[in-house]
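Ligands are counted one by one from 1 in listed order, and the atoms in each one are counted from 1 as well. This chain uses plain numbering: 1 for the first residue, then up along the sequence.
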Amino acid sequence: MGDTWQSVMDHAVGLARTAGALVREAVQPDMKVMLKSSSVDLVTQTDQKVEQLIIQSVKEKYPTHSFIGEESVAAGEACVLTDNPTWIVDPVDGTTNFVHGYPFVAVSIGFAVNRELEFGVVYSCIEDKMYTARRGKGAFCNGIPLQVSQNTDINQSIVATEFGSNRDPEVVDKIFSSLRKILCLPVHGIRGVGTAATNMCLVASGCVDVYYETGVHCWDFAAGAVIVTEAGGVLMDVGGGPLDLMSRRVVAANNKTIAQRIIKEIDAFTPTRDDDPIEPNTTK
Ligand code: LIP
């Protein structure tokens, strides 16, 4: 009997490619932009249309599977990971980039069974780079194997992070305090392409040594998590413990030495969890 989840992953790759083509076609100046939790937390009709395309296909082919999607959660659906086979999807990772025509936008599809990630698919659709990884079977970009960098010296590293959409002064202070300490270690450079999924694929590709972020969501990094580990990398919480998919805190690094070194410089904070019960009339 074939590998059950491999055939599901093959379907996910086809969905990501179709969705990515829709995203590419939708890039245009002055597109209609809507707001979610703040004036810098953007969503478009393309985010919603692509997520509905993926949901519809999954419901038809795998009616017993569960679904966690960025825009479904934004519309009030619970974000709960169970033992049931679950699709964890960000239809347009890098929405702000998409709105501005900044050329890093990804369709991110993670898949978990018994709360364990089985595969990840990240399609960086403007670059036409299809990143894939199946648990235990390696990570690839357009079919070419990926391997994290072998660097163990933080002073020779490229670090990636993002500023997120939280503009609370106390949060911003922690973000910049961490950035200042890391920059002055020193490190070779700090980067961020504007999408968590793509930052993680760059770790897997060996051109970024470590990516960290607090405030990111499970749908942003579930797929990238498999791609990083299958490329030989490690995942941790920003506080140094094991990664918690629902905590909105992630460190993805080439090795534990680099991960632990960067964690020492991060001023960690604890956002609301993705799986916190949704209070009536509030947004995350
Ligand atoms: C984005 C993440 C990024 C984060 C942004 C945003 P989106 O996802 O990929 O890491 O810093 O605030 O959440 O919202 O474009 O799907």
Side-chain angles (χ1 to χ4, degrees), residues 16 19-20 22-23 26-27 31 33-51 54 68-75 79 87-110 120-127 131 159-168 171-172 174-176 178-179 190-204 208 210-225 227-228 235 238 243 245-252 266 269 271-274 283-284:
L22 282 176
V23 172
V27 174
M31 71 177 69
V33 179
M34 296 165 279
L35 304 180
K36 292 199 289 191
S37 62
S38 75
S39 64
V40 294
D41 187 7
L42 312 183
V43 62
T44 71
Q45 290 171 335
T46 301
D47 295 73
Q48 295 163 339
K49 178 181 173 185
V50 167
E51 185 162 315
I54 295 170
I68 294 174
E70 176 172 11
E71 306 318 331
S72 303
V73 173
C79 177
W87 295 64
I88 308 170
V89 175
D90 187 343
V92 180
D93 189 41
T95 296
T96 301
N97 290 352
F98 170 62
V99 166
H100 288 269
Y102 189 80
F104 293 95
V105 185
V107 179
S108 182
I109 302 176
V121 173
V122 175
Y123 182 39
S124 181
C125 57
I126 309 299
E127 299 179 282
Y131 295 91
V159 179
T161 192
E162 299 292 338
F163 299 110
S165 56
N166 188 324
R167 296 295 183 265
D168 178 309
V171 168
V172 171
K174 284 183 176 293
I175 290 171
F176 276 86
S178 304
L179 274 174
I190 298 179
R191 304 286 186 272
V193 292
T195 128
T198 307
N199 284 323
M200 294 180 83
C201 289
L202 292 172
V203 172
V208 168
V210 54
Y211 156 73
Y212 73 94
E213 187 171 354
T214 300
V216 72
H217 293 281
C218 62
W219 45 78
D220 295 320
F221 71 88
I227 294 165
V228 166
L235 302 167
V238 293
L243 180 72
L245 193 58
M246 293 294 160
S247 69
R248 300 181 62 199
R249 296 165 25 130
V250 61
V251 175
I266 297 173
F269 57 96
T272 55
R273 293 175 57 88
D274 277 329
T283 55
K284 283 188 182 283

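- The CG atom of Asp90 sits 7.5 Å away from atom CG of Asp47, with the distance rounded to the nearest 0.5 Å.
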- [ ] Determine, stepwise, if the pair Phe163 / Leu179 fulfils side chain to side chain contact (heavy atoms under 4.5 Å, CB included).
- [x] CA-CA 10 Å; Phe163 299 110; Leu179 274 174; 3.2 Å; yes

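- Of the heavy atoms in Thr95, both backbone and side-chain atoms come closer than 4.0 Å to ligand 1.
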- [ ] Kindly determine whether Gln45 and Met31 satisfy side chain to side chain contact (heavy atoms under 4.5 Å, CB included), including the steps that lead there.
- [x] CA-CA 9 Å; Gln45 290 171 335; Met31 71 177 69; over 6 Å; no

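- On a distance-only criterion, Glu213 and ligand 1 share at least one N/O pair closer than 3.5 Å.
- If you number the atoms of ligand 1 from 1 as listed, the ones under 4.0 Å from a heavy atom of Gly164 come out as 11 (O), 12 (O).
- Each of the following atoms of ligand 1 lies closer than 4.0 Å to a heavy atom of Ser165: 12 (O).
- Proximity to Glu70 (heavy-atom distance under 4.0 Å) selects the following atoms of ligand 1: 14 (O), 16 (O).
- Remark: atom 4 (C) of ligand 1 lies closer than 4.0 Å to at least one protein heavy atom.
- Nearest heavy-atom pair across Asp274 and His217 is OD1-ND1, 2.6 Å.
- Across Ala19 and Ile54, no two heavy atoms sit closer than the pair CB-CD1, 4.4 Å.
- For ligand 1, the atoms lying closer than 4.0 Å to a non-hydrogen atom of Gly94 are 7 (P), 15 (O), 16 (O).
- A salt bridge does not link Lys49 to Glu71: none of the charged nitrogens lies less than 4.0 Å from a carboxylate oxygen.
- Nearest-residue assignment for atom 1 (C) of ligand 1 (options Asp41, Asp93, Thr161, Val92; heavy-atom criterion): Asp93.
- Of all atoms in ligand 1, listed by their number and element, those nearer than 4.0 Å to a heavy atom of Thr195 are 9 (O).
- At a 3.5 angstrom cut-off on N or O pairs, Asp220 counts as close to ligand 1.
- For atom 16 (O) of ligand 1, the closest heavy atom belonging to the protein is Asp90 OD2, 2.6 Å.
- Backbone and side-chain nitrogen or oxygen atoms of Phe163 are examined, and none is located within less than 3.5 angstrom of a nitrogen or oxygen of ligand 1.
- Checked by atom type and distance alone, the side chain of Asp93 pairs as donor or acceptor with a backbone atom of Ala196 at under 3.5 Å.
- In terms of heavy-atom proximity, Cys125 sits nearest to Val23 at SG-CG1, 3.7 Å.
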